[in-house]
S.K.: 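This is the structure I have questions about; it appears just below.
As the structure lists them, so they are numbered: ligands from 1, and atoms in each ligand from 1.
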Amino acid sequence: MKCVDDFRLRLGKHELVPIMVGGMGVDISAAELSLEAARLGGVGHISDAMVPTVSDRRFKTKYVKDKLQQYKFNVANSDKSVVQFNMDMLAEATTRHVSATMEAKRGPGLIFINCMEKLTMNAPKETLRVRLRAAMDAGIEGITLAAGLHLGSFALIEDHPRFRDVHLGIIVSSLRALQLFLKKSARTGRLPDYVVVEGPLAGGHLGFGMDWAQYDLATITNEIQAWMKAEQLDIPVIPAGGIFTGTDAVNFLEAGAAAVQVATRFTVAHECGLPEDVQQHYFTADEDDIEVNQISPTGYPMRMLKSSPAIGDGIRPNCEAYGYLLDAKGNCQYIEAYNREVALHPGAKRVKVMDKTCLCTHMRNFECWTCGHYTYRLKDTTRQNEDGSYQLLTAEHVFRDYQFSKDNKIALPELISSTA
Ligand SMILES: Cc1cc2nc3c(=O)[nH]c(=O)nc-3n(C[C@H](O)[C@H](O)[C@H](O)COP(=O)(O)O)c2cc1C
């Protein structure tokens, strides 16, 4: 019987343990987590979602405060089109986040950045260009283009000196999405270096409609592999979503996958960015405490714990401070939903908004508990303390369990004596 360690992911000149820890915004896949994945010989991801906000927390910068100060005059205005990101600030924040992470890197693995293209930031193309180029300037080893895949992304960086040296990957949930991307970027003469195929059980936003349950990761992966073979395309395929044990991973590797991308099991690691009280909610969740809903203003379905404080909350939109979801015209679906409720409840101190959420505010405050389908199995991956809480894991423990476990087994962490 094989384990994940019997396989290797080849990317350029690198030979890696075929485990990618997926990007989790906003700073859930924190630098510490990505650094562990790289130290252990795999691939870790930081995230570029809300990077100025992340920089403020990580480096005590004041980007959010400065932006709010600049646009304070507009706070009560429902038209947010004047609220723009300063491109120098955006480049600086990205550079800080990436450089500090790269400087701390040890070991044979790689560090990539997950780029949430759906963060349109009131100027989709310009802000994306700045984020991608700043990450490349700061030495990132790879970029995974995620949610809202912008078909013209390669063109935004094709004149960058590192365009052919940095590993570029895309996340797709269907063969059709892959075909469209390849067609659109063919002109740059560069193929993606890897393709993450994300199925319907993944965490975060889903690349499916509300009929997600009809799809299955193995079928989509097979379809993509068969098409690539027929087209004589040799691009590593990396399935993601619901791969919970080393054996699940081996099944994909034996079927021709180059690696697997995993995330949910790392949400309860010390190195993960989630606060510990939130991690305990992940541990205690049962299957029916998890839902896929449509409250994300991106328009994509999103999986989360039903107990997320973000659900139903009617906070005033915070676009002057954040504004990451403003589209090219300065609109966000949450602003519309919020204004509708305010108009329906004149004089109310606080409205409830059930159909959308202020994603920026709630992701910033770790109040939107996005999670993978198998979050309800996390309690089986650790030990329970005497007070009923669950023992957090180290990223190393989870990584090595994926790497070496066989026979669908999950290794429990060492027993920590409560009297120690
Ligand atoms: C809490 C959480 C947040 C996530 N955020 C993002 C994100 O910001 N961008 C992205 O491309 N994928 C995101 N994902 C998806 C993961 O990167 C990964 O592809 C997927 O969850 C793998 O499936 P698994 O969680 O079942 O292992 C997120 C997943 C989780 C669990």
Side-chain angles (χ1 to χ4, degrees), residues 19-30 33-34 37 42-51 54 112-119 142-150 169-173 177 194-208 212 216-217 220-221 238-246 248-249 252 257 259-269 272-275 278-279 281-282 285 290 292 296 298 300-305 308 310 324-325 359-360 362-364 366-378 381 398-399 401-402 410:
I19 300 171
M20 250 189 198
V21 180
M24 296 181 269
V26 166
D27 210 28
I28 296 178
S29 60
L33 179 58
S34 68
V43 180
H45 275 93
I46 50 174
S47 159
D48 90 331
M50 298 180 69
V51 81
V54 171
F112 292 2
I113 193 164
N114 177 280
C115 183
M116 282 275 289
E117 306 205 350
K118 199 65 193 173
L119 299 184
I143 302 177
T144 303
L145 301 171
L149 194 57
H150 188 304
I170 59 172
I171 302 187
V172 297
S173 293
Y194 58 98
V195 175
V196 176
V197 181
E198 206 174 65
L201 304 185
H205 290 97
L206 300 183
F208 299 86
W212 58 270
D216 119 274
L217 176 61
I220 306 167
T221 308
I238 304 180
I243 300 172
F244 201 76
T245 66
D248 293 340
F252 279 105
V260 293
Q261 176 164 288
V262 289
T264 293
R265 285 198 52 198
F266 289 92
T267 58
V268 288
C272 160
L274 286 174
V278 177
Q279 291 176 305
H281 287 277
Y282 282 55
I290 298 165
V292 175
S296 169
T298 60
Y300 287 95
M302 194 172 176
R303 180 173 277 114
M304 65 185 76
L305 297 186
S308 299
Y324 295 89
L325 289 166
L359 199 63
C360 292
H362 292 301
M363 288 304 290
R364 150 70 177 78
F366 298 111
E367 290 164 341
C368 181
W369 298 337
T370 174
C371 66
H373 174 78
Y374 286 131
T375 296
Y376 63 89
R377 292 171 66 188
L378 288 174
T381 68
V398 181
F399 191 95
D401 186 50
Y402 269 117
I410 292 175

S.K.: Name all residues meeting the salt bridge (charged side-chain N to carboxylate O under 4.0 Å, His left out) criterion together with Asp401; count only those two or more places apart in sequence or in a different chain, and write none if there are none.
M.R.: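 Residues passing salt bridge (charged side-chain N to carboxylate O under 4.0 Å, His left out) with Asp401: Arg265.
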S.K.: Counting only heavy atoms, tell me which of Gly241, Cys371, Cys368 gets closest to atom 23 (O) of ligand 1.
M.R.: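 Nearest heavy atom to atom 23 (O) of ligand 1 lies in Gly241.
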S.K.: Taking only heavy atoms of Gly242, which atoms of ligand 1 are found under 4.0 Å from at least one of them?
M.R.: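 What qualifies from ligand 1 is 23 (O), 24 (P), 26 (O).
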S.K.: Could you tell me the residue and atom name of the protein heavy atom closest to atom 7 (C) of ligand 1, and the distance to it rounded to 0.1 Å?
M.R.: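 Residue, atom and distance for the closest contact: Gly23 O, 3.5 Å.
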S.K.: Would you say Thr370 and ligand 1 have an N/O pair spaced under 3.5 Å apart?
M.R.: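 No, since none of the N or O atoms of Thr370 sits under 3.5 Å from an N or O of ligand 1.
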S.K.: Backbone or side chain, does any N or O of Thr267 fall under 3.5 Å from an N or O of ligand 1?
M.R.: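 The answer is no, given that Thr267 and ligand 1 share no N or O pair closer than 3.5 Å.
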S.K.: Below 4.0 Å, non-hydrogen atoms only: which portion of Met116 touches ligand 1? Side chain, backbone, both or neither.
M.R.: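 For Met116, the contact with ligand 1 is made by the side chain alone.
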S.K.: Report the distance from atom OG1 of Thr370 to atom NE2 of His205, rounding to the nearest 0.5 Å.
M.R.: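 The NE2 atom of His205 is 7.5 Å from OG1 of Thr370, to the nearest 0.5 Å.
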S.K.: Of the choices Leu119, Asn114, Asp248, which has the non-hydrogen atom that lies closest to atom 9 (N) of ligand 1?
M.R.: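 Going through Leu119, Asn114, Asp248 one by one, Asn114 has the nearest heavy atom to atom 9 (N) of ligand 1.
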S.K.: So is there a nitrogen or oxygen of Ser47 less than 3.5 Å from a nitrogen or oxygen in ligand 1?
M.R.: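 Ser47 vs ligand 1: no N/O contact under 3.5 Å.
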S.K.: Run the contact test for Ala49 against ligand 1 with a 4.0 Å cut-off on heavy atoms, strictly below, and give the result.
M.R.: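 It does not; every heavy atom stays at 4.0 Å or beyond.
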S.K.: Could you check whether Tyr282 and Thr264, counting side-chain N and O atoms only, form a donor-acceptor pair closer than 3.5 Å?
M.R.: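 Note: Thr264 and Tyr282 side chains miss the donor-acceptor criterion.
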S.K.: What residues, two or more places apart in sequence or in another chain, satisfy ring pair (Phe, Tyr, Trp, His ring centres under 6.0 Å) together with His45?
M.R.: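 Partners of His45 by the ring pair (Phe, Tyr, Trp, His ring centres under 6.0 Å) criterion, ordered by chain and then number, come out as Phe112.
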S.K.: Under 3.5 Å between any N/O of Gly203 and any N/O of ligand 1: does that happen in this structure?
M.R.: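 Checking ligand 1 against Gly203, an N or O pair does fall under 3.5 Å apart.
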S.K.: Under 4.0 Å from any heavy atom of Ile171, which atoms of ligand 1 are there?
M.R.: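 By the 4.0 Å cutoff, the relevant atoms are 11 (O).
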